[in-house]
Structure formats: structure tokens, C-alpha cells
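Each remark here refers to the structure printed beneath this line.
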Number of protein chains: 2
Amino acid sequence: MVKMVYMFDEGNSEMKEILGGKGANLAEMTNIGLPVPPGFTISAQACNDYYESGKRIQDEVKTEILESLNRLEETTGKKLGETDNPLLVSVRSGSVFSMPGMMDTVLNLGMNDETVEAVARLTGNPRFAYDSYRRFIQMFSNVVLEIDVFYFEQYLEKFREAKGYQNDPELEADDWKEVIAEYKKIVKKHKKEEFPQDPMQQLFLAINAVFDSWNNQRAIVYRQLNKIPGHYGTAVNIQSMVFGNMGNDSGTGVAFTRNPSTGEALLYGEYLINAQGEDVVAGIRTPNPIDTLKQDMPEVFEQFTEVCRQLERHYRDMQDIEFTVEHGQLFILQTRNGKRTAQATLRTAVEMVEEGVLTKQEAIGRVEPEQLNQLLHRRIDDRYQKDVLAKGLPASPGAATGRVVFDPDEAEHLSKEGINVILVRTETTPDDIHGIIAAQGVVTSRGGMTSHAAVVARGMGKSCICGCEAVKIDMQRKQFQVGETVIKQLDTITIDGGTGEIFAGEIPMIAPELSKEFELLLSWADQERSLDVRANADNPEDARKAVEFGAEGIGLCRTEHMFMDSERAPIVQQMILAETEEERIRSLDQLLPMQESDFEGIFEAMQGLPVTIRLLDPPLHEFLPDKEQLAVEVAEMQVTDSHSPGLAAKEKLLKRVRQLHESNPMLGHRGCRLGIIHPEIYEMQVTAIFNSAAKLQSKGISVIPEIMIPLVGHVNELRILRELVNETAVKVQEKTGIQIEYSVGTMIEVPRAALTADEIATEADFFSFGTNDLTQTTFGYSRDDAEGKFLKDYVDRKILPDNPFAVLDREGVGVLVKTGIKLGKQTRPDLKTGICGEHGGEKSSIEFCCQQGMDYVSCSPYRVPLARLAAAQAAIKHGLKRAEVTQK
Amino acid sequence: MVKMVYMFDEGNSEMKEILGGKGANLAEMTNIGLPVPPGFTISAQACNDYYESGKRIQDEVKTEILESLNRLEETTGKKLGETDNPLLVSVRSGSVFSMPGMMDTVLNLGMNDETVEAVARLTGNPRFAYDSYRRFIQMFSNVVLEIDVFYFEQYLEKFREAKGYQNDPELEADDWKEVIAEYKKIVKKHKKEEFPQDPMQQLFLAINAVFDSWNNQRAIVYRQLNKIPGHYGTAVNIQSMVFGNMGNDSGTGVAFTRNPSTGEALLYGEYLINAQGEDVVAGIRTPNPIDTLKQDMPEVFEQFTEVCRQLERHYRDMQDIEFTVEHGQLFILQTRNGKRTAQATLRTAVEMVEEGVLTKQEAIGRVEPEQLNQLLHRRIDDRYQKDVLAKGLPASPGAATGRVVFDPDEAEHLSKEGINVILVRTETTPDDIHGIIAAQGVVTSRGGMTSHAAVVARGMGKSCICGCEAVKIDMQRKQFQVGETVIKQLDTITIDGGTGEIFAGEIPMIAPELSKEFELLLSWADQERSLDVRANADNPEDARKAVEFGAEGIGLCRTEHMFMDSERAPIVQQMILAETEEERIRSLDQLLPMQESDFEGIFEAMQGLPVTIRLLDPPLHEFLPDKEQLAVEVAEMQVTDSHSPGLAAKEKLLKRVRQLHESNPMLGHRGCRLGIIHPEIYEMQVTAIFNSAAKLQSKGISVIPEIMIPLVGHVNELRILRELVNETAVKVQEKTGIQIEYSVGTMIEVPRAALTADEIATEADFFSFGTNDLTQTTFGYSRDDAEGKFLKDYVDRKILPDNPFAVLDREGVGVLVKTGIKLGKQTRPDLKTGICGEHGGEKSSIEFCCQQGMDYVSCSPYRVPLARLAAAQAAIKHGLKRAEVTQK
């Protein structure tokens, strides 16, 4: 059998898969000489073994545990359950991936009616001893015996009231004894047996409970959310206790080596004097900033600062450290890479390059592309007058507006109905996780910057304000009050997690500005990537935004959006309802100058960068009224208003709408099929493109239009429409005397196009993979229908690894993309290839595009920074250098 | 320059691409010593050259023509335009593929005011000479000068009336001279110049006209219909004239060496005494049966019979021969493979094997699989009393019912609206071709078995009755009369092209019986083919029909059709509208015994042959009322009847219909996606399959169910549902104690399934390529929408070579099929593969399946014979022997 239990000094940080993150770090810290309370780790393998053996710890493992316990007892000179010098230990979970607050912990294990006396005697502090014992009973009962903590707290509150105490520290040793007696009764009442007094029994029950917690509901939800596979299991760390609640020369705290919200390189954290660790994390008492430790215990603070520096250098990343001071002696209980906001990630990465700790490539790798989106969140517009309703701790930056809800279930429910909500809670616990996911932002009235709400919200990039004590929540009435102001459930508020400010109502927001670290890191990324990054933009505003975010062109300009403008819709309808080509051309003549001005604006914004314009793509009936609604209107008029002169027109419209109706419009008369049957529409569009290009060119602004034909499935379609483009180009050139450089290409968005790409490439200057439609046709999924009807279930049940509309399916769709590129380049080695589906802004899909040797990805303007970074990471990972001469 | 003009004795039958079919045959006949009037052929290449030179005959070609003319003049001792002994020639088109009546011909060329005198003198028959001259003027003016023949006939009719003549033969030489003078005036009036007198000018004008006729409207339509490419061009045959209208020892006729309607090995044809060839073909005079030639000219008849035998042996096929007798001397003007009905094709092929002329393999190759469908046409049910309205010539067998129309445009128009029509005409011409295509059948009141209508209808396998003189058509009143009975336009009639009988109204029809030749040929085919042929059948009746037609199993049993039965529909609706799983299961419990009886009937009919059953495939809302209609009903009720108790129920139904509505149902929640989300439905179906199999097996009837999961795109879908099938099988086995052998496979009908077939094959015993849906997804076409909106245009404009739903697209869809088989067999070498889309009953697609090494094709029962034959032809063509041990 493999070794399943390791003393801390037997492991190191490389052994995460075996020891879990916490265990490996405890081992690592022990080995580099930090003051870590001694202990040992039961491996994650033992957890899997536990499940495989039907939730039973096998004898061999038990033996190993007992041997390690012996060694711990030797090291500390204490012994579990011994009344001379009893050993007290913590039992904590620790999996490969950090899952903060997701799993259970038991502290002070080893306490019983006898050892408590020994502790009282040895510490000379009976109050501390009995307080610790009652904490142990409460925690053990909750975590291991599964008795709701409510029963204990309810009693404790009554007890305090009866005695007239305000706070726990006022309770004396005898008070705690009384409480302990009642606690034991509560246990007896719920479990029909006594609270276990045998420390060895306590230990194994606790170990089992930690193993069990791997599969509790909130751990499963957290893993799903973070895509952590279930097979890892959790390790268990048994560590000798140190006590921060031994008096005013003791304390406990949590600190980040840099500010996790901004990334500023200043120690950032909180501590509580005379407290145990969970008091800080649980957010029950609002702690003091770490700086106060400097005043309270200057030597300890200096030692701690040095430890932080040492740990950051050692791990080459910002650390999140738990420490305890026992009678002035510093102990490090845990260190891990600190969870932080995108802004902090960026600043830390960039500054660590400047400090010489990281290379630029490493810094690029440190930032998760998806995180960048947080930096592109809107913030509150300063220009608007606004009254701050209340101010809390700025726990996670970003602004958010939504309706107030107090219950996480309610938050989830409303969010599913498309309503934006802000979750307001006294404090949050791991049970609230689904409500935090559903909300736009979170406000708590208690807890600090390292409280559960703050940590989770920062991890999700959600706006969060913590410890806003001015907010008085009344759960009964479903409202909160700030001074005189009452905010009821479903009232709208706006919060700014960067300042901690809460406002009543909705406040206008503005686009974010990018920090200098952001620009710097992306400029490094631009040096590395092999892919160009373009944006999908349909109007001058989006085009400008795209350029601002670093787009190197427009990869997809959808002309149909220009048709949907409310002014134009009637003309577009006329065009569609035309019964002769002449009538249709009349409407198109009206649309021509409008389209011209659209393109002019876009070309101007793009300052000579290439613009790929897709000719009209959707089926015509999308521009017409809804068939069912129209039929109902006609039926109603026929009954109530049959002489109305409007009826005949409506009937005629209905008839035409029915003619144009399709059973599967996604696969119907759209894209190039429209262009082939009604060439006059494409002719108008192409004329508009060349006219506006000529106009700008005559003003000295260079323009590179790339005309893209949608939905080609057979080379003949492209051949015919390419001719149409060329003929139109000649006409415009003859009229204006200005020659425009342009290219003609096609979307590859049906499987047949990919499979016959060698033929299609004979007529194409470029391919743009439209992986939205290609995914629809390759899977045979209508996205609208699939996402509403079965796709969520498929992903939840792991029938599919991901939603293929979010993450490009490499096995199916990817094979077609690969085939398309290979065959296309066979015919035309200089064929330009890119992607313009939503996948163009998703990390894993971008990596795939990079591996396929594409020239560019195109995504929405707000995802351009993400794509630049992801492209750099992919290029670094696969050793694909940017070509010396780019396409730009 | 290549040689462009060939004397008949310089060519042979292999040179069709150069000389055209007629020219090559004239050459061949000349060389085997038959009495062919001498002449030469201008090659089809010269036609292309003519078009390439801007419709001009190049000088080199002119020179060759003149040289050949010289040689013809030497051979015949006559000279074009010479008044001593003038040469008269015919000028006829002749392309590679026979296009009967499609192109133009000029006879008697060389006639002018002077040569007509010579002919009169030399023949001693001035009446003949002037008649021939006026025929020439009329024909030349029509074909070459493009003057409508109407003007000539109008005048001739007036002339006859004035003179009191009934028929043309009554006109004397002087009469014809008068007519000629007037004819020349008509020409002058229309063309502003004289009728050309120079025979050399006549010749070249006529050659140009034949070349031009290659691209006239009716030739283009015929080529489209018959898929003849336009690049072949037509050759021109210049042949010295012989005359069947030289008196009662002369005549002209057309004969088939066997009966083209039944295949009976008896000379079959018609001739007219004292007539020129076009009199027979054009159907203007109804000719005499060929047998009468035996009485009129016994020696000529015997010689002709011998020529027929010789030609059939030489060409190894039934011949269609044109001949002329001039003063008792037989001339053969043309021979070609005779167009015939499917029945005749079959009988001829089979009898020629029996005669030792053909091998069995050759006989198999002689029958066009698509033709077999003609033999499966329904015929009139003899059991019904019926009154024959009229009787004509049985020109093309098969029965048809439809509404009477007299105009081909009208026929086309109504047929597009889905109305079955019978085209009734005095006679048909090549200009009526679109009307014949559109009609279910054709009736003519004039013309014989070789008239235009008869030949064309037989070629198309359409029912046709010719020369039904009892039918008096009144175009003015749009009606016809038979005795006292008046049949108006749009009245329904029924015709039987096998008997020549016409009936008023609609007459019940019955399924066809198969001839012994049919059975014999298919039994030979069965020896050759490598593919099994199965049928698509959803009920016991279809299953029995399939077995009768030789199906070796059911390749696709669609269970949804069983759901659509009117009795079951309400239960199915309940099942769908169920809001809980329990409610749904209650409805399913009601459906279970019904499905059981369905499967029982089918298994019983299949007598132990394998039955592939596809579990429920279509989206559920297909079983619900139409959304729009329901919305209108609800709206109307809300206005007029808002207190109706039915309203609430309808509103609820509408809500659910809206919930289930999909934007693209083809790509929506259907197929295995239903089975995954609602496993109880599939469970019911699978239970029904195994219950009924167990029941039959206990009666000693063996059953081989193959359970097929539709629309699989990822192996996990199949894995889950295969488990469901296996678990259900175990349950039934435990309940009944009977073990059923079964297999589980999947449709391959979305591209992703083909692309990941290696993974999918891990869970599949067989693949059935559903090429209907695979074509939809590969092209991104919704068949319903595409065929109505753009596909016809695509095929007409040759953007696509064929409708891909009719003929499998080898370049795109075919690549996926090939990939699917290759990857599937990589994983599982014994994987069974087949096809069950409509392509399984189409010749070219079957050939493709054969080449891919599939195990079977499956098609509708009526196409099984076709598939058996096509599979044999493909196996012979590609040398793919039937494996010793088949899957059966």
C-alpha cells in the first residue's frame, strides 16, 4: 500500500495532489524554517480510499495515522487525552484546489471533561480553557455530529441575556461551565448519546467528517462553478493547536502580502486580539486592520512582515497567510496564493516583473483572461449628483445596480427571470453561494475584507461591500433601514464596490478606463501572440471602442443590424414586401445612402485598419411582424372591426408574412441564398461599401474593405457573388474614378463549406470561420432551442464537457475548422483565415485557433483585451512566435 | 484543324461523340451493307466551332463540306442545282443523345424553279415534283427563315376550299404550281426578299439553322429534363433524298423491332403509302400498321424483316428504324435503340438473354432502375363496374386520374398548385413538352403509336392514349365531346394507357402485379449485388409489401407514425402536456399495449428478418395543434365568447404549445435529446418492443429487433440510452423468462456523429446513415424551406448539380459518410452499416453506398426492386462481389 500519512517535514509544495494545497504548503513552510505548529497530513488518496471502501478508513491507514500521531506527541511532548499535558489538535480539510470556506474544520480536538481541567491548570486561565471546550463542543457537534449550531447559539444568547452580558468575553470560567453542561444536554437530546469524551474517537469521527464534507452540497456546487473534478478528494491536516485567545498578548489574523483588491504592494489584512481564527474568517466580529498589530506587538509585526517577504519570494506570488500569536509567539498556520481581483492580479504581475521576480512571459501567464472582464466593468459616472446612502468596506470593486433581495433563493429565482438583484445579508455563509452567483453584487452589514462574502465576490469579480453597519436589516419586514431611509425588498439600489458606497435608485454608469498596468501587460502580450485580434462591430461607436481596446481591424461587421434601425425598418419592409424587382429596387435606392453613411462612419473610425463586412445574412421575415401576433390581430379585427380600411392591408401583410415564413429559418432562405435569388440587395450593399470607401479615400483616409459572403456551402455560390462584387466595384470605379483595394472572402459556417474548402478557396481571398452557425449545424442544435430545452442538462450531467456555443468543441467542430484550413491552404497557401463566432473571445477556443495557425480571431470589442492576452498565453504555451511581418 | 466532315462510309457506330447518334448509325449501317441513301455528316465539333466563331461556319469547314458534297455528287451521279439530274438532299440534326423531335430538319433541299422542272421530267410525275417543291418551301421557310407554318397552311386550306378538295392528294400539278406561287409571295411578304433559289445558299442556310436549333427553347428544356449537357453540340447529316411519295409503289414508315410498349418480339410499326417521312412522325395522318406492308409489297416486307433482324443482332438491342420505299426499292434512313416502356425494356432484356444475345450481367445493365417504378404504377381495379367513354390507341401504359386541361401552360400552372391534370390535345408538338411533364397522362385525338405524344410519354413513363378520334375537342368552349357526353375543362377523367380506355370521373385503382420477366431479372440482380436491400416500413401492411418486393429486412421503422394514429393522438397529447413525470407515465401506460400490437404485426410480417426500430424522433410539438391557429381561436373566443368554459382549457393548451414551440424544430429538442430528458418515453417504447418480441418468440416466430437511437451527436448520449435499452431488456426477460437477441445502434445524421464515429462506435452495434437529416445539417438547408424557396433555382442554374435530397452529395455529405464508416470500423471492424434516407432508393446514391462497402440500403417498399437492380449494377460496375456469407 502507498504511504497515506505524512508528517509536515516529510512533504513539500510539489506534493499538492497528495497532500492537498494546505498540507503541501504547511510542509513547505515547515521545511523552509517558518514557525509552523507541528502536525501531519492524511493524503487525498486516503479520502478516495475511504469512499472506495464504503466510507470506512481502512486498517492500514488507521495504523499510519496512529504512528504519525505518536511522532507528533513526541515532537510536542504532549499526548492526546492525557491529563498532564494534553495535546489539542485542529482537523482541517485541504484539497488540491483551494475551496475557501467550502469544507469543514474542527478546532481544539482533544478537549474533554478531564483535559479541560489540565488546560485550565497549565495555562492558569480557566476562563480560556472552558471557553475553548465549549467552542470545541459547538464546532464538533455541528461539523461531525450534524447538530444545527442554532441550538447552541440560541441557548448562549438566552444565557447572556439572563446574566445581563453584552459580549462573550464578559463570561467567566464558571459561566462557561454552565454553558458546557447545557451544551452536552443539547447533544444528548439530539443524538441520544453523550458527547464523545474519548479523544481518539473524537479524532476519527472528525477525520470521517472531513472526508464526508468533500461531497457535501456546497462543495459540489463550488466544484461545478470552478470546474474542479470530483475525483481529487480532500486531504486532512492534523495540527497541534496554538491559541490566539490566551489573552491580550495573543491574537489571530489573516493577511495578504499585497492588497487583494488593488494589488498595491502593502501588507493588507486584519487581526483580532484574544481570538481564535474562525472569529476573523467567519466575519462574526469585525476585526482590526493589520497595521494595529504594529502598535500592539511591534516585534511580532516585524517578524511577520519578514515572514511575508520570505513567503512571497519563495512562492513567487502574492500570499494569503493565516497566523496566530500565542503569548507573543508568532505561528504561521497557512499560506496560499492569494485570491484577488483582476486589477490586483494585473498590478501584482506587472510589479513583480519590475521587482525582477517574474519574467514578462510568466506575468502574462499569471492573469486569467476571463478576469480582465472585471476591469472592463462599468463604473459610476462621477458627473451625476448623487447622495450616498451608506458606506461600507470596499470589498470587491465594480459598480452594480439591481433590486434588493435578502434571501439567496429569492435572488436565484428572480435572476432566472432576468431581473438584476443585489443580495443584502447580515453576513454570508457557504450556504448562500447560489445567491451570490445569481446577484449583480453583494452587501453585508457585518464582516471584514476577508469575510466570506468578500472572498467569494472577489473570486467571481462581483461587486461587494462588506461590514456596512449602517445598514439595519429587518428580515421580518423584508427591508433595510439606513437612518430614516427605508429600502424595501425589490427597491432598486446601486453599489460601488470600489468605494464601498451604496446609493438609492439607479445611477448612470460610464465605461471603464484602463489602468497603466493593464496597458503594459497587454503590450507585453502583443509582443508574444501569433494571432491578430479583431473586433466584431456594426457601428462607428463599437468600432471606436474596438480600436481603443487594441483591435487590429474589424473581423465581422454585420450589415443586418443597420437594417433594423427604427427609421429604416419601414423601408426595409417595403423592400421585402415588394412584388416586383422594380418595386424592390425602389426601396433599395432609398436604403443606399443610409448604408453609405454607416460604412463611412465605420471606415473613418477604423483609420485604415481592415474591415470585414458581411453582406445581409438573416432570413427576410426577421424584419417583418410576428406571424402569430399578426394572425391574432387580423382575427380580432375580423370579428370586431370588419369594415376597417386597415384590415385589408393587414390581411395582405399576413399573407406575405406567411409566404416568407419558414419552418427552420436558421437553415432557410438566408445568407448567400438571398444574394443569389435577390442579387439587387447585395448589389445595393456592395455599392454602398465602395461609394463610401471612394468618398473617404478621396479625403485621404485609407480604407481596406474585405467583403464577406455568408453561408456559402458550394463554390458556385461564391463564384456568382464574387462576380457580382467585382462588377459592382468596376461600376463604382468608373463613376468615381477612384480605385479601391478590396478582397472577397467567405464565412465557413456550414460543414459542407469546410469539407469542400479546397474548391471554395479557388474563389476566396479569406475564410472566416463562423463557429456559432458551424456549431449549430455540426451538432444539429438550434442554439435558441437547445439552450432553453436541454443543453444545460447536458452540461450538468456531463454528457457534454461544456456548452459548445461557449467553448469550441474541438472533437467535432474543431475537426471541421482544421479540415477547412488545411484544404483551403492546399488550394491557396496565402489564404487568410480567422474566426468570428463568439468563440473568438474565449480562452480555450483562442488557444485552438492559435494552434491551427489562423491569422486572427475576432470578438466583441469588450473581449478584445481578453483575446490579446489569451492569444499570447497560447503562443507562449505552444512556442508559436509572432511572424515578423504581420497582416496589418 | 481536325477533320470535321465525314462521308457515311468513313464513320462507324463508335463515333457518336463526333457524328452524333444518327450520323454514327448511318455510317455503321452503310458499312454493314444496308441500303442507306448516301450522304455525309458534319461533326458536332463543327457545331461548337460555329458557336465559338460567333455563329459562323469557318472557311476550312466550308471547304470540307464542299469536298464531301462533290463526292456525294460523284456517288449518286446527280448534282445540286443541276437541271439535268438534280441532287436533292435532306439536312437533319443528330446529337450524341437521341432528342426525338426536338430539333429541326429540312427535306427536299435543292429544289428551285428550275430543278423542279427537271424532277418532273425525270420522274414523269409533275404532281409529285411540284408537291415536293411546295413542301420544301414550306419546311425551309419555317425552319430556316422562321416564318410561321400557319401562314402556309391557312392559304392551302383556303385554296382547297376554293377548289372543293378534301385532301392534299387531290391536288394536281397545276394546283401545286399555283400554291407555290402564293407560297413565294408569303415568303417575300415576311422576309422582304425572294425565296432563295440558289441550292448552295439553301444548303448553308439550312446547316446554320440546324446548328441554331441546338439552342432553341424546346431543345434546352429537353436537355434539362434529360440532364444532357449543353456542350455536346449537334452534328448535321446531309443525305440524298429518297421519296416515299412517288406513287402507290412507294411509302414510308417507322418500325420497332419489338413492341416498345410490351417488349413482345414482334415487328411493330406503322407506315403510309405514298407519303414522306414527316407525315408518319408528325401524327397528321393516322398511318396503317406495318403488317399491311406485307400485303401491299410482300418482297419489300420480307427484305425489311431481314434488315430488322440484322440490325438487332448488330446493335444487340431493340431498334427503332425509319425506312422509305421508293418505287419498290427499300431504303433505311435511320436506326437507333428504340425508346420503350419499362415493361418492354425488361422483357427485351430478359428475352435477349434467352436468345443468347446478351449475358445476364448485360441484361441487368440494360434496365434503368428508375424505370422500374413504371411497373409499380397502379392500374384500374377490374372489380369495379365502369363505362368506357372512348377508346384510343394504348400508346403508353399505366392508369391516371386527373382534371381535364387542353392547354399545356394551364397544365403546368395547375400542377404547380398540386392539382393532377390530364392533358387532352388534338396532337402534341415539341412546344407542348412542359404540359406533358406536368400532366399525369396525355390523350390525343390524332396520331399513332409513334406520334410525338406517344414517344415522349413512353420515355417519361407517363400514361398516354393516342389517336382517339371519338374525342372531339372544342377549344373555344374548352370542352370535348364523345357522342352526347360533354366533358368540360377541369372535369375529372381516368385513363388507362395499357388498354387505351378513357372513363369519366375517378375509378379506383389497385397495386400492380409483377411480370415474370421482372422477377427473373431481379433474381439475376440478387446474385450480383453486394448490398442487402431493406425497406422503410412503419406498419404491417408496408412490411408485407416490402417482403413481397424482396426486402431483406426493415432498415427503418419510424415509431412516431404510430403516435399519429387518430385514436392515439389524444393520449399522446396528454402525455406531452403532462406536467409531472407521474402524469406522463400514466399516458405512456395507455400507449404501451398499442405500441406492442404495432410491433407484433410488423415482426410477424417480417418472418424472422431483421427489423431496425427507431425510437421516437420528432419534436413533441409536432403532435400538438398549430400555434398560430390556436392563438387565433383563443383571441376570437376572448372577444366573442369570453365566458365559455372551454376558453381556460384552450388558453392553457396555448401556453403549453408556446412553451414547446421551437424556432428551428429540425435542430431542436428531438431524437435522443428527448430520450435523455424524458427517458420514460423511450422506456415505454423499448418495453413494447421486447414484450411483443417475447410474445412472438414464445409462438415460435423468430424476431431480430435492432434498436436504433436517433440524432446522436456525442457518444455519451448513446451510452446513456444503450444502458436504458439493456436495463429494459433485462426487466422484460425477468418478467417473461424469454431471452431476445437484439442489437443497439444509432443513426448517423448530424456531422458531429460522423466526425466522432470512432467514439460513437464504442457503443454501437450498427450505424444507419440518415442522409436526409445529414444533408440538411451538412448543407445547412431545411428541406421544407429550401425546396420551396431556392433549391429549384439552384439546380436550374446549375449552382448545384442535383437536388441533394434526391441524389446524395458525394463531395460534402458523402465525405462525412465515408469518414463515419472509416472511423466506425477502426473501432469496431464488424460494425454493420447502412443507409435509410431517401437516397437508399436512388441509383447514384446506391452506387456510392456500394463503393463504401456498406452492408445494406433501406428505402420505401415500392423502391425496393429499383434498389435491388441498382445495387447489382453498381456491384458489376465496380467489380464488388457479394460476400459468400451475408448478414441475413
Side-chain angles (χ1 to χ4, degrees), chain A residues 619 627-629 631-636 638-640 658 660 662-669 671 673-674 676-677 711 713-714 716-717 719-720 749-753 755-756 759 773 776-786 788-790 793-794 797-800 809 811-813 815-816, chain B residues 619 627-629 631-636 638-640 658 660 662-669 671 673-674 676-677 711 713-714 716-717 719-720 749-753 755-756 759 773 776-786 788-790 793-794 797-800 809 811-813 815-816:
Chain A
K627 182 166 75 81
E628 181 189 320
Q629 203 184 320
V632 167
E633 280 173 30
V634 167
E636 282 172 352
Q638 280 166 345
V639 174
T640 60
R658 283 201 181 121
L660 287 168
E662 294 183 304
S663 349
N664 300 287
M666 224 293 291
L667 306 179
H669 191 197
R673 303 162 195 168
L674 273 181
I676 299 249
I677 306 294
L711 215 66
H714 193 289
N716 287 342
E717 296 173 315
R719 182 175 298 132
I720 289 169
E749 52 186 337
V750 298
R752 198 180 190 284
L755 296 166
T756 61
E759 292 179 18
D773 276 7
Q776 297 200 88
T777 46
T778 303
F779 276 86
Y781 288 171
S782 162
R783 182 171 188 175
D784 291 345
D785 303 316
K789 298 256 158 81
F790 60 87
D793 221 73
Y794 267 38
R797 291 169 64 184
K798 298 200 185 1
I799 296 172
L800 295 178
D809 160 53
E811 282 188 340
V813 179
V815 169
L816 288 176
Chain B
K627 181 166 74 82
E628 181 189 322
Q629 202 182 320
V632 167
E633 280 172 33
V634 166
E636 282 171 352
Q638 281 167 345
V639 174
T640 61
R658 282 203 181 121
L660 287 168
E662 295 183 303
S663 353
N664 299 286
M666 225 295 290
L667 306 180
H669 192 197
R673 302 162 196 167
L674 274 181
I676 298 247
I677 305 294
L711 216 66
H714 194 288
N716 287 343
E717 295 173 315
R719 181 175 297 132
I720 290 170
E749 52 187 337
V750 297
R752 197 180 190 287
L755 295 166
T756 61
E759 291 178 20
D773 275 8
Q776 297 200 87
T777 45
T778 305
F779 276 87
Y781 289 171
S782 163
R783 183 172 186 174
D784 291 345
D785 303 317
K789 297 258 159 82
F790 61 86
D793 220 74
Y794 267 38
R797 291 168 64 182
K798 297 199 185 3
I799 295 172
L800 295 177
D809 160 51
E811 283 188 338
V813 179
V815 169
L816 288 176

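As the structure is a prediction and not an experimental result, all values here were calculated from the model. Note on naming: letters A, B, ... go to the chains in the order of the sequence lines (proteins, then strands), and numbering restarts at 1 for each one. Computation of the quantities below employed the complete heavy-atom set of this structure, encompassing side-chain atoms and omitting hydrogens, waters and symmetry-equivalent molecules.
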message: Test your reading of the model: is there a side-chain donor-acceptor pair from A:R752 to the backbone of B:D809, 3.5 Å cut-off?
response: no
- prompt: Taking every heavy-atom pair that is under 4.5 Å apart, which of A:A635, A:G812, A:G780 has the most such pairs with chain B?
  reply: A:G780
Part of B:I720 lying under 4.5 Å from any heavy atom of chain A: side chain
- request: Just give me the residue among B:E636, B:R719, B:E811 that pairs up with chain A most often, heavy atom to heavy atom, under 4.5 Å.
  value: B:E811
- prompt: In terms of heavy-atom proximity below 4.5 Å to chain A, should B:H669 be classed as side chain, backbone, both, or neither?
  reply: both
- request: Heavy-atom pairs under 4.5 Å with chain A are the metric here; pick the option from B:E759, B:Q629, B:E749 that has the most.
  value: B:E759
- request: For chain B, find which of A:T640, A:I799, A:V634, A:L711 contributes the most heavy-atom pairs closer than 4.5 angstrom.
  value: A:I799
- prompt: When you measure from the side chain of A:R673 to the backbone N and O of A:G668, does any donor-acceptor pair fall under 3.5 Å?
  reply: yes
query: Got A:T777 and A:M666 here, is their nearest side-chain heavy-atom distance under 4.5 Å?
result: yes
task: Please flag which part of B:V632 lies under 4.5 Å from any non-hydrogen atom of chain A: side chain, backbone, both or neither.
output: both
- prompt: Could you walk me through whether A:H714 and B:L800 pass the side chain to side chain contact (heavy atoms under 4.5 Å, CB included) check?
  reply: CA-CA 8 Å; A:H714 193 289; B:L800 295 177; 3.5 Å; yes
message: So, using side chain to side chain contact (heavy atoms under 4.5 Å, CB included) as the criterion, who are the partners of A:S663 when residues are at least two apart?
response: B:D784, B:D785
task: Return the option, out of B:L816, B:T778, B:V750, with the maximum number of heavy-atom pairs under 4.5 Å with chain A.
output: B:T778
For A:E628, side chain to side chain contact (heavy atoms under 4.5 Å, CB included) partners two or more places apart: A:D626, B:K627, B:A631, B:R658
field: Among A:V815, A:V813, A:D773, A:I677, residue most engaged with chain B (heavy-atom pairs, under 4.5 Å)
entry: A:I677
field: Check: B:R797 side chain, A:I676 main-chain N or O, donor-acceptor pair, under 3.5 Å
entry: yes
- prompt: Is it the side chain or the backbone of B:T756 that comes within 4.5 Å of chain A heavy atoms, both, or neither?
  reply: side chain
task: Just give me the residue among A:P665, A:P619, A:G671, A:A786 that pairs up with chain B most often, heavy atom to heavy atom, under 4.5 Å.
output: A:P665
task: Mind checking the CD-CG spacing from B:E662 to B:L667? Nearest 0.5 Å is all I need.
output: 9.0 Å
